[in-house]
Structure formats: structure tokens, C-alpha cells
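This report concerns only the one structure given below.
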Amino acid sequence: MEERFELIAPCHFGLESVLKKEIQSLGYEITEVEDGRVTFSGAIDAVARANINLRTTERVLLKCGSFRATTFDELYEGIRHIPWARIIPRDGRFWVTKATTNRSKLFSQTSIQSIAKKAMVESMSSTYHINRFTEDGEDYPVRIFIKKDEVTVGLDTTGVSLHKRGYRQLVGKAPISETLAAALIMLTPWKEDRLLVDPFCGSGTFPIEAAMIGANIAPGVNRDFTSSTWEKLIGKRVWYDAYDEARSLEKKAEMHIQGYDIDSDIIKCAMKNAEEAGVSQYIHFQAKPVRELSSPKSYGFIITNPPYGERLEDKKDLPELYKVIGERYKALNNWSMYVITSYEEAEKYIGRKADRNRKIYNGMIKSYYYQFMGAKPPKR
């Protein structure tokens, strides 16, 4: 029987349900859902398929072990008992790239990192019968989470975070991350046959992510990952098959996606980014202000991340800006609107209460995802 592995996928707080659905659609079994992460199990090819296909996680960690530790001795013993030599070759470069703790007795990140490294060396020395490791081979970065004294140890299979799809060469100020944009689109009932407009598109993240979803372009299909060189664990063939599978599922779609912004330079960036992502044919970008937003079509979608006054001097313009958003939305026929913002008075100035409101952390900023539902189009 094929060996099973547990994998951990971290995500934005409040978006676990979207990630869970994505993982299940790849055919994997969910073993645990916690705040900001989903754990699932699969054969070794799950490492490749998850990295290439998941839109809403930041990275994929291979779970190496979990245990309870309230002292550094217990931490040392727990990590020493993980069979590291099964995964890491004798020339592998291994280190603890990150240690996070929450409501636990152990909290010094640097101490956790150095004790874990010593325990890994000890564990591998007893298997390889050497005391010094050259560490001139491939990278094996380790991440450790400690919550309420429960330690989880994972190997980072991804490397550069998954929100770096490779298409966004140029960004405006306060850009939304690709993983968050994808998750917010997936929280709406938008389908590729419905008009989608982002009137504050900046460098184009919402329109581009929507086009990639509509054309079923896997977000990681044009990049590589740290674990693609781990031949002791995952053969090259597994990666080739996963890339081929993803490319075979892409489709040509009839899509109407529009991105507007008041800044013509940032619109040029958005066009370039859409080209890099291979979706420029699906998106119409144009420099224009939100007060010119109109459409003769019904049942469209607005999905957007308007300014929310990060700087104090911008705050005074917000009531007027959100009033305009509300007026332009009201003038559209049976549209739905989804707005992510940290501006607490957004509903007041938009002029109506959202049908749903979801609290989401965008980085460290507490934001709200206001969902104004339009009517459903008649069945064709």
C-alpha cells in the first residue's frame, strides 16, 4: 500500500473553509482544520499537486511530527525522535527557518531554533554515522509551531511563498496578495460567464486571479518549488506528471473581466502583469475614476479592494469616496458587490447594510469583507 503523508497548508484567518474545499476538490482527505491552517493527508504526489494547484494557501508543509513539550529537554527529545534521515540526505542543508509560539511555556524563537537544529544533527548522526554534515546539497527548511505547548514540526516544501505566482513584476501601493484575492473571489458565486469589474484594480490582482480561475490555469504551473529537488523523497517523474496534469486541465473561456484605476501608470503595470500570467485576452484594463463606473448589462459583479486611508491625510477623502461607490453600485441593475476594506464606516457611506460581512485579517490589518448580494439571473 502507498505510504500516506500529512501535509499542512496555512492560510489567512477566516478563509479556512475556502482552502478546505480546494483541497477536497484535489481528492485529499482533511484531517484537521484550525485557525489559519488546514491539515490533510495524501500520497507523496500530494506535495507536487498541492503546490501547483492550491490558490489560497501560502505554502505546503510536510508534517514530520507532533508532540507535547513544556521544557527545552522535551523539545530536544521530541525532535530527536523524528526519523530525519528518511527525508534528508547526508549532504542536505537543514535549518529551522521559522519558529512561532502561542500561549506556550517555550517562547524564545532563537532558542527553539538552535535546540531543534542540535536535535536534528543528533538524530541524523546516529543513522549516517557521521558527526559533521557538509550541508552543501539541497535545502530542507524546517518550520516549528508551538500552540498551548503542542509542538508541530513541518518541512517547508514550497520555498518562496505561493502568493508569488511569478506574474506580478510590478505593484502599486497597498496591493492585495494573490492568495487572498483568489480566496475572496472563491467566496462569491461568480462564474466565468458573468461580467466582473474591479474599479480599484491597482496592479490587476483581482482581475488576473479571476481570469486564472475562469480559465482553470493552476497558480503554480509556471514556477518551481524547494521540494522539486528532493529526489530522496519525491521522484522527478512525480513533478512532471503533476505539471502535465495541471496544464491538461486549462480551458479557453469566454470571459468579460474589467479592471479600472484612476492611475494610468498602474494600469500599464496591470496590463503587463496580465500578459505575464497569460490571461491578457480575458481582461479589459482602462484608466478611469470610480465615478464613471456604469454598465448597461445586468447581473454583474464588483469585487474590489478600495483605498481605506492607511495614511491619516487620506482618511478625510473616504466618506466621499465610499458614497460614490454606493451611488455607482445603486445605478447598476441587479449587480452583486464584494468589498474588502478596513474602513469601519464603509456601510454607512455606501448607503446600505451588507447582506453578509466577514472579518478577515489582511496581513496584520483587521479588514471586513462586505457582501452585497444582487438578484440571481433567470435560468437559461
Side-chain angles (χ1 to χ4, degrees), residues 18 21-22 25-26 52-56 165-168 176 178-223 243-261 266-288 290 292-305 328-329 331-340 371-380:
V18 186
K21 214 186 257 178
E22 265 204 288
S25 73
L26 282 178
I52 292 167
N53 292 289
L54 292 179
R55 298 181 192 279
T56 63
R165 317 282 207 223
Y167 67 73
R168 202 162 76 169
I176 193 162
E178 294 86 330
T179 43
L180 179 55
L184 295 177
I185 294 163
M186 289 157 86
L187 272 176
T188 77
W190 178 77
K191 290 277 177 287
E192 64 270 19
D193 59 349
R194 307 272 294 275
L195 175 60
L196 170 63
V197 178
D198 179 357
F200 301 94
C201 72
S203 51
T205 311
F206 271 130
I208 292 168
E209 289 295 321
M212 288 175 76
I213 290 167
N216 209 29
I217 297 169
V221 79
N222 291 321
R223 54 161 288 182
Y243 281 115
D244 287 348
E245 176 198 37
R247 290 196 180 101
S248 74
L249 295 171
E250 291 176 12
K251 61 185 189 190
K252 284 270 177 274
E254 183 67 41
M255 281 189 273
H256 299 284
I257 299 172
Q258 297 166 10
Y260 303 121
D261 201 281
I266 203 72
I267 284 292
K268 286 185 192 127
C269 295
M271 289 162 123
K272 190 135 185 50
N273 291 342
E275 224 165 275
E276 286 287 334
V279 293
S280 56
Q281 70 272 36
Y282 301 122
I283 309 170
H284 169 70
F285 285 113
Q286 195 181 335
K288 72 174 184 183
V290 66
E292 287 177 25
L293 173 63
S294 67
S295 174
K297 293 198 166 71
S298 304
Y299 309 110
F301 281 75
I302 293 170
I303 304 180
T304 194
N305 173 35
R328 294 326 306 146
Y329 173 54
L332 296 163
N333 184 32
N334 284 321
W335 278 49
S336 299
M337 178 164 75
Y338 296 80
V339 177
I340 182 169
Q371 303 168 52
F372 303 90
M373 313 299 205
K376 282 187 178 144
K379 289 238 179 329
R380 286 177 190 171

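Along the sequence shown, the residues carry numbers beginning at 1.
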Straight-line distance of Leu187 CG to Lys21 NZ, nearest 0.5 Å: 8.0 Å

Between OG1 on residue Thr188 and CZ on residue Arg194, distance to nearest 0.5 Å: 9.0 Å

Test side chain to side chain contact (heavy atoms under 4.5 Å, CB included) applied to Ala215 - qualifying residues, sequence neighbours left out: Ile217, Met255, Tyr282

Thr205 and Glu178 side chains, donor-acceptor separation under 3.5 Å: no

Residues 297-304, side-chain donor-acceptor partners within the protein, below 3.5 Å, at least two apart:
unit_1 : atom_1 : unit_2 : atom_2 : d
Ser298 : OG     : Asn333 : ND2    : 2.7
Thr304 : OG1    : Asp198 : OD1    : 2.6

Distance, nearest 0.5 Å, that separates OG1 of Thr179 from CD1 of Ile176: 9.0 Å

Least distance between heavy atoms, Ile267 atom then Gly259 atom: CD1-O, 4.0 Å

Any residue meeting salt bridge (Lys or Arg N to Asp or Glu O under 4.0 Å) with Arg165, in chain and number order, not counting sequence neighbours: Glu209

Side chain to side chain contact (heavy atoms under 4.5 Å, CB included) partners of Lys288, counting only residues at least two apart: Tyr260, Gln286, Glu292

Pairwise side-chain contact, Arg55 with Met212, heavy-atom cut-off 4.5 Å (strictly under): yes

Nearest atoms (heavy-atom pairs only) where Ala270 meets Gly202: CB-O, 3.6 Å

Side-chain (Asn216) to main-chain (Leu249) donor-acceptor, under 3.5 angstrom: yes

Atom of Ser295, atom of Leu195 and distance for their closest heavy-atom approach: OG-CD2, 3.8 Å

Interatomic distance, Ser203 atom OG to Lys272 atom NZ [nearest 0.5 angstrom]: 13.5 Å

Considering all heavy atoms, the nearest Cys201-Pro207 contact: CB-CG, 4.2 Å

Sidechain-backbone polar pair: Glu22 side chain, Thr56 backbone, donor-acceptor under 3.5 Å: yes

Derivation and outcome, side chain to side chain contact (heavy atoms under 4.5 Å, CB included), residues Phe206 and Leu196: CA-CA 10 Å; Phe206 271 130; Leu196 170 63; over 6 Å; no

N/O donor-acceptor pair under 3.5 Å between Arg328 side chain and Leu293 backbone: yes

Point-to-point distance, once rounded to the nearest 0.5 Å, from CD1 of Ile257 to CD of Gln281: 10.0 Å

Full working for side chain to side chain contact (heavy atoms under 4.5 Å, CB included) between Tyr338 and Phe372: CA-CA 6 Å; Tyr338 296 80; Phe372 303 90; over 6 Å; no

Non-neighbouring partners of Glu275 that pass side chain to side chain contact (heavy atoms under 4.5 Å, CB included), sequence neighbours left out: Ser280

Backbone of Gly204 reached by a side-chain donor or acceptor of Asn273 within 3.5 Å: no

Residue pairs fulfilling side-chain hydrogen bond (donor to acceptor under 3.5 Å, both in side chains) with at least one residue in residues 245-256, sequence neighbours excluded: Arg49-Glu245, Glu192-Lys251

Asn53 to Ala246 - nearest heavy-atom pair and separation: OD1-CB, 3.9 Å

From Ile213 atom CD1 to Trp190 atom CH2, the distance as rounded to the nearest 0.5 Å: 6.5 Å

